[in-house]
A.B. asks: 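Have a look at this one.
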Amino acid sequence: MSSKELPVDLLALLADGKYHSGEAIGGVLGISRAAVWKRLQSFQEFGLAVESVKGKGYCLANGVRLFDVDALNEELPALGIRSIDYHYTTDSTNTQLMKALSEGRADNAQLVIAEQQSAGRGRRGRQWVSPFGENLYLSLNWNFEQGASRLEGLSLVVGMALAKTLISLGYEGVELKWPNDVLVNGKKLAGILLEITGDPNGLCYVVIGVGVNVNMNDGKGAIDQAWTSLKLMKALRGQSIEAVNKTELLICFMRHLTNNLEKFEKHGFAAFTSQWQELDALSNKEVLVYQGEQVISGQCLGVNDQGEIRIKTSFGEEVFNGGEVSIRKSL
Ligand code: BTN
């Protein structure tokens, strides 16, 4: 077994989070107890914590909920997803899809998902913390025929699909911070990373990367901003602390996302402007807009029909299509 090979049969046995004796595991897998122990060691490389108690055996702390790939293969083609590329672990689903595109082997509407990313990428060169089995890490390839200039507002449309998904599943307090952070109570729940290649005036290939914190309890000190997860949101409201089913979440998200992408292709961002206002975390807030070295201060007036942020400054209204925005702390 290579050092980065996941013993999937053993993982399936321990996924329930209960104790299994070395003898019982060995019996099911037809291997010796020493071989069981050796396979368990390799879980550590995937960040999976194995607990062992004398007399009880081994367990995976909290268990692990993998994607139900059969269910995805059954549900997603009807939504226009042409192929699903499933990884237990990969560097980054975006990187994989960008590579497939550059080698001419990516389908339109190809979905790449992973249980773990070893080099998950966030915006502005940040890392995206991607522990095994806990969250949603996905990249979808979508071809647009009308050039890069028609893609303004696309990342907002992706965020809106995710917010609508979460609201439809009963999650409350979901907001969007321009351009594409999904927040709950000011804490980051999900992020979006779009990467565009192709002809700026013609056929463009967009890799839509989305990471959602689903069952993560612990950012292991690696996340440098306030964050939350769907499981933590439920726990805070005194609801079940059962793991959230990420397969159902993914199917529901793909339904909203493919709808939004088709609508965006036909009508552009203008078809979404009014819906954005309902989800806008910055609406009417005093904000700071960072444009390189420059910082502009003013009141956020929402977005225009191109998805640009509108700011009322002391010089009048200004619009921005890039940069970072933060809420201005009151003095
Ligand atoms: C952000 O910084 O807010 C964007 C985060 C995007 C993370 C997702 S996880 C799936 C896909 N693969 C990556 O490497 N990044 C995106």
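We number each residue from 1, following the sequence as shown. In listed order, ligands and their atoms are each counted from 1.
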A.B. asks: What is the minimum heavy-atom distance between G120 and S92, and which atoms define it?
C.D. replies: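 Shortest heavy-atom contact: CA-CB, 4.4 Å.
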
A.B. asks: Could you list the donor-acceptor pairs under 3.5 angstrom formed by side chains in residues 64-75, with sequence neighbours left out?
C.D. replies:
| residue | atom | partner | partner atom | Å |
| --- | --- | --- | --- | --- |
| D68 | OD1 | D70 | N | 3.3 |
| D68 | OD1 | A71 | N | 3.0 |
| N73 | ND2 | V69 | O | 3.3 |

A.B. asks: Check ligand 1 against G122 and write out every atom of the ligand that is under 4.0 Å from a heavy-atom position of the residue.
C.D. replies: 1 (C), 2 (O), 4 (C), 5 (C)

A.B. asks: For ligand 1, does V210 get within less than 4.0 Å through its side chain, its backbone, both, or neither, judged by non-hydrogen atoms?
C.D. replies: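 It is the backbone that touches ligand 1; the side chain stays farther off.
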
A.B. asks: What residues form a side-chain hydrogen bond (donor to acceptor under 3.5 Å, both in side chains) with S83, not counting sequence neighbours?
C.D. replies: D107

A.B. asks: Which word best sums up how the rings of F264 and F272 line up, parallel for under 30°, tilted for 30 to 60°, or perpendicular for over 60°?
C.D. replies: tilted

A.B. asks: Among all protein heavy atoms, pick out the one at the shortest distance from atom 5 (C) of ligand 1; state its residue, atom name and that distance to 0.1 Å.
C.D. replies: W128 CE3, 3.4 Å

A.B. asks: Charged N to carboxylate O under 4.0 angstrom, K231 versus E242?
C.D. replies: no

A.B. asks: What part of I192, side chain, backbone, both or neither, has a heavy atom within less than 4.0 angstrom of ligand 1?
C.D. replies: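 The backbone, only.
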
A.B. asks: S92 heavy atoms, cut-off 4.0 Å: which ligand 1 atoms fall inside?
C.D. replies: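 That gives atoms 12 (N), 13 (C), 14 (O) of ligand 1.
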
A.B. asks: Report the nearest protein non-hydrogen atom to atom 16 (C) of ligand 1: residue, atom name, distance rounded to 0.1 Å.
C.D. replies: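 Result: R121 O, 3.8 Å.
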
A.B. asks: Going by the order shown, which atoms of ligand 1 are within less than 4.0 Å of some heavy atom of L138?
C.D. replies: 10 (C), 11 (C)

A.B. asks: Do the side-chain N and O atoms of E195 and N94 include a donor-acceptor pair separated by under 3.5 angstrom?
C.D. replies: yes

A.B. asks: If only side-chain N and O atoms count, and only distance matters, is there a donor-acceptor pair under 3.5 Å linking E318 with T313?
C.D. replies: yes

A.B. asks: To check your reading of the model: name the closest protein heavy atom to atom 3 (O) of ligand 1, its residue, and the distance in Å.
C.D. replies: K188 NZ, 2.6 Å

A.B. asks: So if I count the atoms of ligand 1 from 1 in the order they appear, which ones are less than 4.0 Å from some heavy atom of G120?
C.D. replies: 14 (O)

A.B. asks: Have a look at C252 and tell me which of H256, M254, E248 forms a side-chain contact (heavy atoms from CB on, under 4.5 Å) with it.
C.D. replies: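 Passing option: H256.
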
A.B. asks: What residue and atom, counting heavy atoms only, is the protein's closest point to atom 10 (C) of ligand 1, and at what distance?
C.D. replies: T93 OG1, 3.3 Å

A.B. asks: Tell me the protein heavy atom at minimum distance from atom 9 (S) of ligand 1, and give that distance in Å.
C.D. replies: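 Scanning the protein heavy atoms, the shortest distance from atom 9 (S) of ligand 1 goes to Q117 NE2, 3.4 Å.
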
A.B. asks: Can you check which of R123, Q225, Q127 brings a heavy atom nearest to atom 2 (O) of ligand 1?
C.D. replies: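 Nearest option to atom 2 (O) of ligand 1, by heavy atoms: R123.
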
